[in-house]
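Written out below as structure tokens is the structure these notes cover.
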Amino acid sequence: DYISNLKEMMDGVCLVQDVLDMQKMQGERGKTLAEQEMTANPGAFEKYYKTYQEGSYLHFTDSIWQEKNFIDELYDEQQKVAGYDEYLQSVQGNKVNLSDISIFGNQNEHSFATRNIEKSAEDYVALSDQNIRWMPSKALSVSMESIWTDLFLILSVFLFAGNLIFEEKEKKLFYITRSTKRGQFQSICAKLAALFVHCVAIAVLLYGCNLIFAEVTIGFGDVTASIQSIAAYMESNLNISILGYIIGSVLTKSVVIFGTGAILTALCIWTDRMFFPYLAGMLLYGGSYLLYLLIPTVGKGSLFKYINLIGLMKTENLYGSYLNFDMGGHPISRLLVSWSIIILLVALGIAASILLFLHGTNFELSKKQSKHQRQFRPHASLLRYESYKIMIMNRALVILLLFSFVIGGRILNQKYNPSVQEQY
């Protein structure tokens with residue numbers, strides 16, 4: 001009722017604003033349009049004119065158009081969640097309609113579409129609207145869907161995995177440590193355990209800060225309510241709470257970046273070139289970003305949109321929506337496929353790291369120089385010296401290139417739609 005009243009008031013106030021703008025137009029056309037608008041909404045101008053003059057309609061923002069957009073967003077979300085029971089009935093109704101159609105032989109029982117409808121009905125049958133308590137999605141989306149947080153998370157793993165191996169390679173410590181009693185198998189297991197602890201700790205730290213910021217600035221509702229209480233996640237077929245979704249998302253992201261970090265660790269062990277693992281990591285991230293960006297959501301190639309690094313990190317799609325892949329005419333859950341890929345990634349990274357550490361030979365960094373390398377010329381430029389140390393030796397150039405790639409991608413995809421007032 002509260003949201004509906006706000007919606008009605010803002011519609012009335014915006015009507016007053018539009019009528020006044022039309023009346024200010026030159027000629028008779030403006031007055032004619034204003035009269036038509038008032039005729040289409042009888043009594044609304046008189047009812048909300050005083051509210052418009054007093055400016056008492058601004059509760060959450062600083063302008064009438066921001067307030068209107070915000071209230072419309074809340075109203076649309078609330079109305080969507082309020083119809084959750086009808087949504088569940090429609091899913092089961094599709095199966096009933098399918099059964100009625102198949103009686104007349106007009107439906108192929110072995111097609112993907114038929115099997116997908118039947119599987120959807122089975123996946124949603126245990127859900128109900130008993131624990132649905134609507135909550136605005138802003139706090140959850142701000143805290144859990146931040147591409148910048150994911151980027152910081154991935155960069156931290158790139159740097160940690162590199163330092164895990166390259167620091168000892170640079171000092172030639174592996175020749176000493178590997179000859180000790182626990183210098184081989186136990187050593188690499190300890191390094192992988194440290195990587196896992198880092199992944200979990202940094203994910204909890206970064207997303208914990210996001211959640212605290214969202215709670216202070218926006219505020220959460222009842223986090224024990226079902227995840228379907230958030231309009232954006234209403235299609236989820238999982239019987240979990242909002243809090244369960246948050247915990248599951250953080251742990252999933254931790255496992256994904258641990259698998260990626262284990263692969264990078266294996267590359268660090270295998271190569272004697274410091275730049276190679278970082279280059280491979282950049283190509284992995286860039287390729288994943290392009291796959292997620294360019295492949296359409298629906299189609300035969302949609303599988304590759306979601307099984308790459310970016311797709312696996314987007315847990316709002318993994319746990320907050322519903323999708324089955326067409327595999328030989330059989331619907332296979334995206335959740336099942338994604339976790340199979342995650343487990344395979346982790347197993348491959350751990351196995352490769354252990355095998356390369358036990359049987360590898362590159363335990364120091366290469367000192368080879370290119371034949372075409374320019375001769376070093378002594379100089380006294382502090383700027384050149386510090387730039388080389390920061391950009392090359394401390395690998396800041398890698399981070400800057402990654403940030404440039406992501407920022408450039410965001411700018412190219414950014415869209416802006418002027419409001420009616422701005423167009424006027």
Side-chain angles (χ1 to χ4, degrees), residues 77 81 123 127 131-157 195-262 285 288-289 292 297 305-324 333-346 349 406:
E77 289 184 2
V81 174
D123 291 340
L127 299 179
N131 197 33
I132 300 296
R133 291 186 289 278
W134 172 72
M135 185 183 86
S137 62
K138 191 70 173 180
L140 200 61
S141 62
V142 164
S143 55
M144 298 304 298
E145 300 178 17
S146 172
I147 188 174
W148 293 106
T149 306
D150 287 344
L151 179 59
F152 278 123
L153 201 58
I154 294 170
L155 283 176
S156 74
V157 174
L195 177 64
F196 180 75
V197 171
H198 168 81
C199 293
V200 175
I202 199 71
V204 171
L205 176 65
L206 292 178
Y207 283 99
C209 290
N210 284 0
L211 291 167
I212 293 172
F213 175 78
E215 171 62 28
V216 172
T217 56
I218 303 172
F220 285 93
D222 184 4
V223 294
T224 63
S226 297
I227 184 62
Q228 292 82 6
S229 300
I230 307 295
Y233 305 150
M234 207 178 77
E235 293 182 1
S236 173
N237 67 310
L238 302 178
N239 193 12
I240 58 174
S241 64
I242 297 173
L243 180 61
Y245 162 76
I246 293 173
I247 296 173
S249 294
V250 174
L251 292 178
T252 301
K253 291 175 186 287
S254 302
V255 176
V256 171
I257 62 169
F258 169 69
T260 306
Y285 184 86
S288 299
Y289 185 81
Y292 190 85
T297 304
K305 182 182 180 72
Y306 298 106
I307 63 171
N308 55 69
L309 177 60
I310 301 296
L312 295 174
M313 290 287 285
K314 286 189 169 294
T315 53
E316 64 271 17
N317 295 330
L318 190 60
Y319 299 122
S321 62
Y322 182 81
L323 179 64
N324 293 318
S333 169
R334 173 174 54 189
L335 187 61
L336 176 62
V337 174
S338 298
W339 266 107
S340 299
I341 296 297
I342 293 172
I343 293 172
L344 181 63
L345 178 68
V346 171
V406 175

Beyond-backbone contact of [X] with [Y], side-chain heavy atoms, under 4.5 angstrom:
| X | Y | answer |
| --- | --- | --- |
| E235 | L323 | no |
| I257 | D150 | no |
| F220 | S143 | yes |
| N237 | L335 | no |
| F152 | I202 | no |
| N210 | V142 | no |
| I310 | Y285 | yes |
| I230 | M135 | yes |

Nearest atoms (heavy-atom pairs only) where [X] meets [Y]:
| X | Y | value |
| --- | --- | --- |
| V157 | C199 | CG2-SG, 3.9 Å |
| G311 | N308 | N-OD1, 2.9 Å |
| I242 | S226 | CG1-O, 3.8 Å |

Quick check against the 3.5 Å criterion: does [X] have a side-chain atom that pairs as donor or acceptor with the backbone of [Y]?
| X | Y | value |
| --- | --- | --- |
| R334 | N317 | yes |
| S229 | R133 | yes |
| S236 | L238 | yes |

Mind checking the [atom1]-[atom2] spacing from [X] to [Y]? Nearest 0.5 Å is all I need.
| X | Y | atom1 | atom2 | value |
| --- | --- | --- | --- | --- |
| M234 | L127 | CE | CG | 11.5 Å |
| T252 | K314 | OG1 | NZ | 14.5 Å |
| I240 | I247 | CD1 | CD1 | 10.0 Å |
| S249 | M313 | OG | CE | 10.5 Å |
| E145 | S137 | CD | OG | 8.0 Å |

> What residues, two or more places apart in sequence or in another chain, satisfy salt bridge (Lys or Arg N to Asp or Glu O under 4.0 Å) together with E77?
Replying inline: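 Partners of E77 under the salt bridge (Lys or Arg N to Asp or Glu O under 4.0 Å) test: none.
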>> Taking side-chain contact (heavy atoms from CB on, under 4.5 Å) as the criterion, tell me which of T315, L312, I341 meets it with V256.
In response: L312
>> My understanding is that only one of V250, L251, L211 makes a side-chain contact (heavy atoms from CB on, under 4.5 Å) with V204; could you say which?
In response: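 Among the candidates, only V250 passes.
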> Would you find more than 12 non-hydrogen atoms of other residues, nucleotides or ligands less than 6.0 Å from F196 atom CZ?
Replying inline: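 No, the 6.0 Å shell around CZ holds no more than 12 heavy atoms from other groups.
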> Which of parallel (below 30°), tilted (30 to 60°) and perpendicular (above 60°) describes Y245 and Y319?
Replying inline: perpendicular
